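Here's the structure we're looking at; comments come further down.
Numbers restart at 1 for each chain; the letters A, B, ... are given by sequence-line order, proteins then strands. Predicted, not measured: the structure shown is a model, and the values here were computed from it.
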Amino acid sequence: MGDVILDARGARAWLELLAGTLSEHAGELTALDAAIGDADHGSNMDRGFKAVRQKALNQDGADPAAIFKQTGMALISTVGGAGGPLYGTFFLRMAQAAPGKEQLTVEDLRDMLKAGLEGVVQRGKASPGEKTMVDALGPAVEALDAAIAAGKGGEEALQEAADAAERGARATIPMVARKGRASYLGERSAGHQDPGATSSALLVRTLAQSVG
Amino acid sequence: MGDVILDARGARAWLELLAGTLSEHAGELTALDAAIGDADHGSNMDRGFKAVRQKALNQDGADPAAIFKQTGMALISTVGGAGGPLYGTFFLRMAQAAPGKEQLTVEDLRDMLKAGLEGVVQRGKASPGEKTMVDALGPAVEALDAAIAAGKGGEEALQEAADAAERGARATIPMVARKGRASYLGERSAGHQDPGATSSALLVRTLAQSVG
Amino acid sequence: MKKLINQVDDIVSEALQGMLVAHPDLIEINLDPKYVVRKGAPVQGKVALVSGGGSGHEPMHGGFVGHGMLDGACAGEVFTSPTPDQIYECTKRVAGDRGVVHIVKNYTGDVLNFEMAAELAQGDGIEVQAVVINDDVAVQDSLYTAGRRGVGATVLAEKIAGARAEEGGSLSEVADDVKRVNEESRSMGMALTSCTVPANGSPTFELADDEMEIGIGIHGEPGRERVKLEPADRIVDRLLEPVLSDLPFTSGDRVLAFVNGMGGTPQIELYIAMRRVGAALSEAGLRLERTLIGSYITSLEMAGLSITLLRLDDEMIRLWDAPVLTTGLRWGM
Amino acid sequence: MKKLINQVDDIVSEALQGMLVAHPDLIEINLDPKYVVRKGAPVQGKVALVSGGGSGHEPMHGGFVGHGMLDGACAGEVFTSPTPDQIYECTKRVAGDRGVVHIVKNYTGDVLNFEMAAELAQGDGIEVQAVVINDDVAVQDSLYTAGRRGVGATVLAEKIAGARAEEGGSLSEVADDVKRVNEESRSMGMALTSCTVPANGSPTFELADDEMEIGIGIHGEPGRERVKLEPADRIVDRLLEPVLSDLPFTSGDRVLAFVNGMGGTPQIELYIAMRRVGAALSEAGLRLERTLIGSYITSLEMAGLSITLLRLDDEMIRLWDAPVLTTGLRWGM
Ligand SMILES: Nc1ncnc2c1ncn2[C@@H]1O[C@H](COP(=O)(O)OP(=O)(O)O)[C@@H](O)[C@H]1O
Ligand SMILES: Nc1ncnc2c1ncn2[C@@H]1O[C@H](COP(=O)(O)OP(=O)(O)O)[C@@H](O)[C@H]1O
Ligand SMILES: [Mg+2]
Ligand SMILES: [Mg+2]
Ligand SMILES: [Mg+2]
Ligand SMILES: [Mg+2]
């Protein structure tokens with residue numbers, strides 16, 4: 001197994017960075033949602049991660065899984081909409097994949113992200129190509145897997161995952177939505193980047209920036 | 001007494017001309033009313049004179065007073081607002097001033113306009129300078145009186161009345177309204193021409209154009 | 001202009017026809033001239049109440065026709081008072097054997113047209129008492145104006161006097177209730193946006209994105225002043241201050257607070273305003289006994305609100321609580 | 001953005017406080033998490049009904065809490081489904097001894113959050129049956145979408161199932177009523193203007209001065225198509241056609257027609273639409289037995305309307321006519 005790349009402090013740093021990044025990008029995410037949804041994804045995520053900051057990040061001593069569990073709970077109880085239960089489930093499942101472990105390797109993170117993704121798919125029933133956050137998270141997990149298999153280091157592997165998530169998010173532009181609110185638009189949903197895939201790419205990118 | 005300047009045909013011609021003129025100026029009158037009232041004076045007058053056309057002008061044989069009476073009744077029952085009862089009363093009182101007379105001299109017309117004005121004042125209780133139709137009709141009647149006293153001919157006298165009405169309408173611009181809806185504006189009513197005075201000036205002008 | 005209409009000229013008549021489609025159990029309509037009467041009118045043994053005014057203030061007045069409120073409502077063109085013959089015909093149609101009360105909002109046009117109608121009806125031997133409503137404190141210096149406009153108090157007066165008529169009150173008792181509600185009520189409104197009169201086609205006034213009009217009339221008549229947009233609580237305080245000081249309402253008074261939407265105001269915003277009204281009244285030591293909240297006297301699609309306070313006594317509360325069954329206001333049946 | 005608000009973050013909580021100021025006799029509120037319950041909840045011996053959804057659709061759902069309708073309503077942020085803990089707490093608060101029905105509008109967020117809440121409540125031993133409303137025919141190809149949205153039928157289902165619960169119906173009977181109303185209802189809406197989500201601050205979509213959006217969702221989700229503005233009668237026909245043909249409604253059917261304003265629509269325009277609805281239904285041989293007209297499921301200040309038709313039977317009519325006492329819908333008491 002590889003080196004430790006994330007501990008409780010690192011997990012907190014990641015979530016802090018993610019919270020700040022989502023806050024910065026809130027307007028952009030909401031604008032994406034206005035085009036094919038109901039114009040709230042940015043403010044939803046921002047509200048959720050403000051709560052994460054308050055409820056999950058200002059306590060000492062927990063292990064990463066415990067922090068992710070609190071994160072999931074905070075998101076579930078403050079975000080609402082589709083994003084709330086989906087991202088909430090994502091973090092709860094991440095937590096369940098490595099309970100109690102204080103030091104995470106890149107393989108741990110891969111397992112956690114994979115579990116998180118499975119949780120999202122189980123709850124939301126989205127397949128790849130349906131223009132959802134799955135289209136960013138899926139490629140990220142695959143790229144991470146491949147990079148690990150190719151023997152790359154944790155930081156590099158996560159950079160590649162983040163790149164893949166961003167490519168995945170961009171790849172939602174031509175897609176016709178089949179899940180969530182954007183699906184009501186039918187063909188008219190094509191030509192716009194999915195807001196959830198976009199926030200997912202930010203999630204993976206900030207994780208890559210926080211490990212090491 | 002002077003020459004005959006208006007008979008039943010002339011009265012009808014006047015009201016036709018007035019109806020057409022008000023229709024043309026409806027947008028302008030409504031815009032004036034939008035500035036200091038409720039944006040309906042033009043459409044009110046237009047609706048009223050459309051009804052006058054239907055109810056008062058397509059019957060033969062009546063004398064001018066009878067036509068004016070029908071005009072007043074038509075206005076009262078279709079215009080509404082402040083304009084309806086005031087202009088309605090104006091025409092009813094005109095009718096009462098020369099009942100049954102088939103051929104009107106300029107003196108008859110003066111008496112009729114004066115009676116009409118008095119009816120308006122009685123109903124609306126407006127004094128000169130309060131930014132109402134009285135500020136156009138009043139000067140018109142005075143000018144007509146003066147021109148007759150100066151021995152001018154009927155057509156010329158009515159042209160002078162029409163000029164006075166127009167000057168009177170323009171003179172309402174700096175006035176602060178004290179009657180009608182514009183009075184709610186207080187000082188802010190200054191700087192706008194009164195819609196009712198403006199329609200009154202059209203009334204006198206078209207009369208001047210119809211005599212002879 | 002974006003409106004769900006067919007022809008501008010047909011708006012009022014088609015809306016009345018639609019009312020009948022929706023409420024054939026409650027009302028009858030007449031199209032020439034245009035009015036709405038209570039189903040089965042006239043009601044003998046009862047004073048009849050007639051009101052009316054320009055259209056565009058819905059549900060007022062047609063929406064207040066029915067048991068415990070109005071017997072007839074005359075619908076003028078949009079924002080234009082009805083005509084004397086219209087009011088006269090409606091008055092004749094609903095007059096039972098105990099006379100008719102005309103509830104008239106204080107606008108020159110309304111007053112003149114109702115006056116002429118009352119003369120016509122009285123000529124027919126129908127006893128008519130007219131009461132003019134003028135509760136709008138936005139109009140200052142009423143000596144130098146056409147006087148204060150009639151706004152929110154109209155709804156309250158129609159309800160309270162309507163209950164009196166329903167329980168058998170006499171013509172003068174019913175008219176006195178209208179007067180008392182008017183005397184004990186004060187209102188003030190504001191607008192965030194203009195409305196567009198269909199026959200005109202463009203907004204009656206323009207407001208910049210950061211401005212509001214304080215003291216607006218229900219026909220889009222400009223108000224007291226145009227100021228920068230402020231938080232809802234501050235706006236409520238701006239409206240309440242002249243309302244409270246005018247009557248004046250004093251500590252210990254029992255009141256009904258009526259928060260009225262101008263037509264295009266989401267309910268959520270009215271409730272935000274009501275929250276502050278509740279707090280402000282209790283700061284002033286007033287006792288909030290009854291409330292009415294919703295869009296009851298509107299200006300087409302205008303965004304904004306008005307606040308009306310009515311000082312209550314036991315009798316008014318009793319009449320307010322009495323059953324009412326109209327399309328716009330309904331309880332107890 | 002012009003809104004009568006204080007802080008964007010406080011909108012929902014302050015509106016709930018305002019509701020309480022206005023209706024202390026009818027409701028109780030909870031602010032953390034946010035929900036409205038019927039005064040005196042829980043009612044023992046009665047199935048409880050809980051609904052909820054994003055705010056901005058007022059009076060739905062808080063305005064439908066009370067006798068004969070909902071026991072609890074969960075208010076999410078504006079246009080954002082409520083959270084599981086919110087729904088769970090509300091469910092616990094109103095649950096009597098006969099279980100709880102969740103009435104859920106078919107949006108991914110609503111469905112997921114209600115699902116999680118039901119799991120939590122069931123974990124506590126509370127029996128919960130959830131029914132999803134999906135009456136919006138604007139959404140075609142529901143195989144390739146998240147399915148049809150829940151719109152106007154929600155109001156009708158809450159009323160009819162609420163009456164059943166009030167008269168002592170069992171959990172499955174009440175849930176079945178919701179299902180039946182949903183199955184027998186079809187809706188379609190349109191917009192003349194967009195709405196502005198406060199947290200966003202600018203209109204969700206842009207429509208040119210001569211355009212309208214047909215098949216709009218209640219969150220400003222784009223609709224089926226964007227077309228040129230047309231006369232009201234033609235617009236009504238455009239909405240009715242897919243509604244009628246989808247169920248399909250056939251000659252002789254008895255129906256309830258619900259003409260709903262989106263928030264910024266003057267009543268006069270709704271009545272103009274109702275006129276055409278009445279004529280079109282009678283052309284189609286349908287029998288218009290009941291109507292509902294007004295702004296009951298809104299999209300903030302959006303101008304536009306939706307039409308819902310519900311095929312009635314005697315039992316549904318009986319339940320529809322049963323007394324209801326909520327802030328949004330009231331009759332018979
Ligand atoms: N069934 C689903 N599975 C996965 N992701 C989904 C699903 N439905 C929606 N999403 C994601 O949720 C995002 C929208 O989130 P948000 O705007 O917060 O919720 P809502 O649509 O309820 O307003 C979409 O951009 C999409 O990525
Ligand atoms: N008391 C009054 N006496 C004379 N004229 C009046 C009076 N009140 C209003 N007017 C006139 O009526 C005009 C407005 O007419 P109109 O717009 O048709 O009625 P409303 O004000 O009811 O909408 C004003 O411009 C003014 O000239
Ligand atoms: Mg969204
Ligand atoms: Mg006017
Ligand atoms: Mg007018
Ligand atoms: Mg949402």
Which bit of [X] is near chain D, if near means a heavy-atom gap under 4.5 Å: side chain, backbone, both or neither?
X         : value
Ala273(C) : neither
Ser299(C) : neither
Ile11(C)  : both
Ile293(C) : side chain
Ile235(C) : side chain
Leu325(C) : neither
Met333(C) : backbone
Ile268(C) : both
Pro323(C) : neither

Between Leu305(D) and Leu4(C), is there a side-chain heavy-atom distance shorter than 4.5 Å? yes
4.5 Å side-chain heavy-atom contact, Leu310(C) and Phe258(C): no
Taking the six-membered ring for Trp and the full ring for Phe, Tyr or His, determine whether the centres of His57(D) and Phe79(D) are under 6.0 Å apart. yes
Pair His61(D)-Ser51(D), side-chain donor/acceptor within less than 3.5 Å: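 Distance-only check passes for His61(D) and Ser51(D).
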Any carboxylate oxygen within less than 4.0 angstrom of a Lys/Arg side-chain nitrogen, looking at Lys2(D) and Asp210(C)? no
Should Lys34(C) and Glu77(C) count as an ion pair when the cut-off is N to O under 4.0 Å? yes
Contacting moiety of Ala191(D), where chain C heavy atoms sit under 4.5 Å: neither
So for Leu288(D), is it side chain, backbone, both, or neither that comes closer than 4.5 Å to the heavy atoms of chain C? side chain
